[in-house]
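Side chains are part of it too, since the values below use all heavy atoms of this structure and drop only hydrogens, waters and symmetry mates. Position 1 is the first residue of the sequence; numbering continues from there.
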Amino acid sequence: VQLQASGGGLGQAGGSLRLSCAASGFYGFTFADAAIGWFRQAPGLEREGVACISGSDGITYYTDSVKGRFTISSDNAKNTVYLQMNSLKPEDTAVYYCAVDDDSRAVLRGCPVVMYDYWGQGTLVTVSS
């Protein structure tokens with residue numbers, strides 16, 4: 001599976017950014033079978049799950065720090081997942097990655113980094129105060 005993330009850049013505190021992740025090259029499973037997630041890694045910190053979505057039924061998971069501010073959505077026809085980030089905070093600054101697990105039920109366990117097998121390149125999000 002190949003994942004192409006885009007949409008990062010410089011944002012203002014209180015502002016918005018939208019990330020996109022286009023997936024292709026599925027083999028043995030489809031986008032609808034998968035869990036797709038957004039993860040981030042800030043300097044000096046471990047990678048963490050931000051938001052994940054089930055490709056089969058749209059069940060979502062958000063880490064506490066982004067609840068009410070970020071929204072993950074998917075367009076199954078385009079094999080694309082989006083992360084709408086509103087009310088940005090400087091602490092949202094990180095490299096954001098999208099990743100896929102071949103089992104949509106992974107979302108039921110939250111966004112555990114270790115469960116996701118396919119990773120895209122990161123896109124840097126910088127939020128200025």
Problem - Pair Ser56-Ser54, side-chain donor/acceptor within less than 3.5 Å - result: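 Short answer, yes.
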
Tell me the closest heavy-atom pair linking [X] and [Y], and the distance in Å.
X      : Y      : result
Phe39  : Cys111 : CE2-O, 3.5 Å
Phe26  : Phe29  : CB-O, 3.1 Å
Leu3   : Val1   : CD2-CG1, 4.0 Å
Pro90  : Ala13  : CD-CB, 4.2 Å
Ala106 : Met115 : CB-CE, 3.9 Å

Handout entry: ring pair (Phe, Tyr, Trp, His ring centres under 6.0 Å) contacts in which one or both residues fall within residues 49-99, not counting sequence neighbours
Key = none

If you round to the nearest 0.5 Å, how far is [atom2] of [Y] from [atom1] of [X]?
X      : Y     : atom1 : atom2 : value
Asn79  : Gln2  : CG    : CD    : 11.5 Å
Thr63  : Glu48 : OG1   : CD    : 5.5 Å
Met85  : Ile72 : CE    : CD1   : 11.5 Å
Ser73  : Ile36 : OG    : CD1   : 11.0 Å
Phe31  : Ser74 : CZ    : OG    : 5.0 Å
Ser104 : Ile53 : OG    : CD1   : 11.0 Å

Problem - Hphob cluster co-occupancy, Val107 + Leu83, side-chain heavy atoms under 4.5 angstrom - result: no

Practice task
Step by step, work out the side-chain contact (heavy atoms from CB on, under 4.5 Å) result for Asp92 and Arg69.
Solution key: CA-CA 11 Å; Asp92 294 321; Arg69 301 190 298 121; 2.8 Å; yes

Review item, side-chain donor-acceptor pairs of residues 117-127, under 3.5 Å, at least two apart:
residue	atom	partner	partner atom	Å
Trp119	NE1	Tyr116	O	2.9
Gln121	NE2	Ala5	O	3.0
Thr123	OG1	Gly8	N	3.2

Exercise for the section: Determine whether Cys52 and Trp38 make a side-chain contact, defined as any pair of heavy atoms from C-beta on separated by less than 4.5 Å. Expected result: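 They are not in side-chain contact.
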
Exercise for the section: Report yes if some heavy atom in the side chain of Asp102 is under 4.5 Å from a heavy atom in the side chain of Asp33; otherwise report no. Expected result: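 Asp102 vs Asp33: side chains apart.
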
Problem - Short N-O contact, Lys67 and Asp64, less than 4.0 angstrom - result: yes

Handout entry: Chi angles and distances behind the side-chain contact (heavy atoms from CB on, under 4.5 Å) call for Arg40, Val66
Key = CA-CA 12 Å; Arg40 66 186 179 187; Val66 308; 4.0 Å; yes

Exercise for the section: Determine, stepwise, if the pair Ser16 / Gln84 fulfils side-chain contact (heavy atoms from CB on, under 4.5 Å). Expected result: CA-CA 7 Å; Ser16 300; Gln84 178 66 42; 3.8 Å; yes

